[in-house]
Amino acid sequence: VQLQASGGGLVQAGGSLRLSCAASGRTFSSYGMGWFRQAPGKEREFVAAVSWSGGTTYYADSVNGRFTISRDNAKNAVYLQMNKLIPEDTAVYYCAAAAGWGTFSEFRRDSAWDYWGQGTQVTVSS
C-alpha cells in the first residue's frame, strides 16, 4: 500500500482544514487507516483512526470533538476534517495503514501500523 497525504497549509487559529490521504492498492477497504502528527522537537503522536468499514473510530483526547476522520473505500481515500484549530495542532501530519484492527490502546502506537505516507505540514497561527 502506498499512501499520499495532502491538504496541509497555513491557517489561523479557529479555522479549518481537511487533509486527504490517497491510497494505492486494491485491498484498501481491508485496512484500518489512521492519522498521526509530529510537532518540531516532539515525538510522533496518534491523532485518529478508522476501521476498514468506517464503523469504528478512535481519537486522541487532544482532538476529540474538533477533528473527524472518515474514509471513502470507493475512492481509496481517508480524510481528516480539522475544525477549531489551535496553534498546538501545528505539526507534520502523516497517514498510515494497518492490515489488522484492534483496540484503541493498540492502535495509538506506531507499532500497530504497517504503512506510512509522507507528511503534510499544518501550521496554525495565533
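Heavy-atom basis, side chains included; hydrogens, waters and symmetry copies ignored.
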Shortest non-hydrogen contact between [X] and [Y], atoms and distance:
{"X": "Ala5", "Y": "Gln118", "result": "O-NE2, 2.8 Å"}
{"X": "Ala23", "Y": "Val1", "result": "CB-CG1, 4.3 Å"}
{"X": "Thr120", "Y": "Gly7", "result": "OG1-N, 4.0 Å"}
{"X": "Thr68", "Y": "Tyr59", "result": "CA-OH, 3.3 Å"}
{"X": "Ala13", "Y": "Ser126", "result": "CB-CA, 4.3 Å"}
{"X": "Gly32", "Y": "Trp113", "result": "O-CZ3, 3.6 Å"}

With a 4.5 Å limit on heavy-atom distance, are the side chains of [X] and [Y] in contact?
{"X": "Leu80", "Y": "Val47", "result": "yes"}
{"X": "Trp35", "Y": "Phe46", "result": "no"}
{"X": "Tyr79", "Y": "Ile69", "result": "no"}
{"X": "Ser70", "Y": "Gln81", "result": "no"}

Next item on the list: Group every Ile, Leu, Val, Met, Phe, Trp and Tyr by side-chain heavy-atom contacts under 4.5 Å, then state whether Val92 and Leu3 land in the same group.
Entry: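 Not linked; separate clusters.
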Notebook entry, point to check: Would you say Met33 and Trp116 are hydrophobically clustered, going by side-chain heavy atoms of ILVMFWY under 4.5 Å?
Noted result: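 No, separate clusters.
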May I ask you to decide if [Y]'s main-chain N or O and [X]'s side chain share a donor-acceptor pair within less than 3.5 Å?
{"X": "Thr90", "Y": "Thr123", "answer": "no"}
{"X": "Thr57", "Y": "Val50", "answer": "no"}
{"X": "Asn73", "Y": "Trp52", "answer": "yes"}

Note to self: Applying salt bridge (Lys or Arg N to Asp or Glu O under 4.0 Å) as the test, list every pair that has at least one member in residues 73-92; sequence neighbours left out.
What the structure shows: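 Found Arg37-Asp89, Arg66-Asp89.
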Notebook entry, point to check: What residue pairs, at least two apart or across chains, pass salt bridge (Lys or Arg N to Asp or Glu O under 4.0 Å) with a residue in residues 97-126?
Noted result: Arg44-Asp110
Next item on the list: State which residues pass ring-ring contact (aromatic ring centres under 6.0 Å, His included) with Tyr94; sequence neighbours excluded, sorted by chain then number.
Entry: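 By the ring-ring contact (aromatic ring centres under 6.0 Å, His included) rule, Tyr94 matches no residue at all.
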Item checked: For Tyr58, all residues meeting ring-ring contact (aromatic ring centres under 6.0 Å, His included), sequence neighbours excluded -> Trp101, Phe104
Margin query: Is a donor from one side chain sitting under 3.5 angstrom from an acceptor on the other, for Ser6 and Gln4?
Written below: no
Check: Excluding sequence neighbours, so at least two apart, what forms side-chain contact (heavy atoms from CB on, under 4.5 Å) with Val122?
Finding: Leu17, Leu19, Met82, Tyr93, Val124
Margin query: Enumerate the disulfide (SG to SG under 2.5 Å) contacts for residues 52-91, please, sequence neighbours excluded, ordered by first and then second residue.
Written below: none
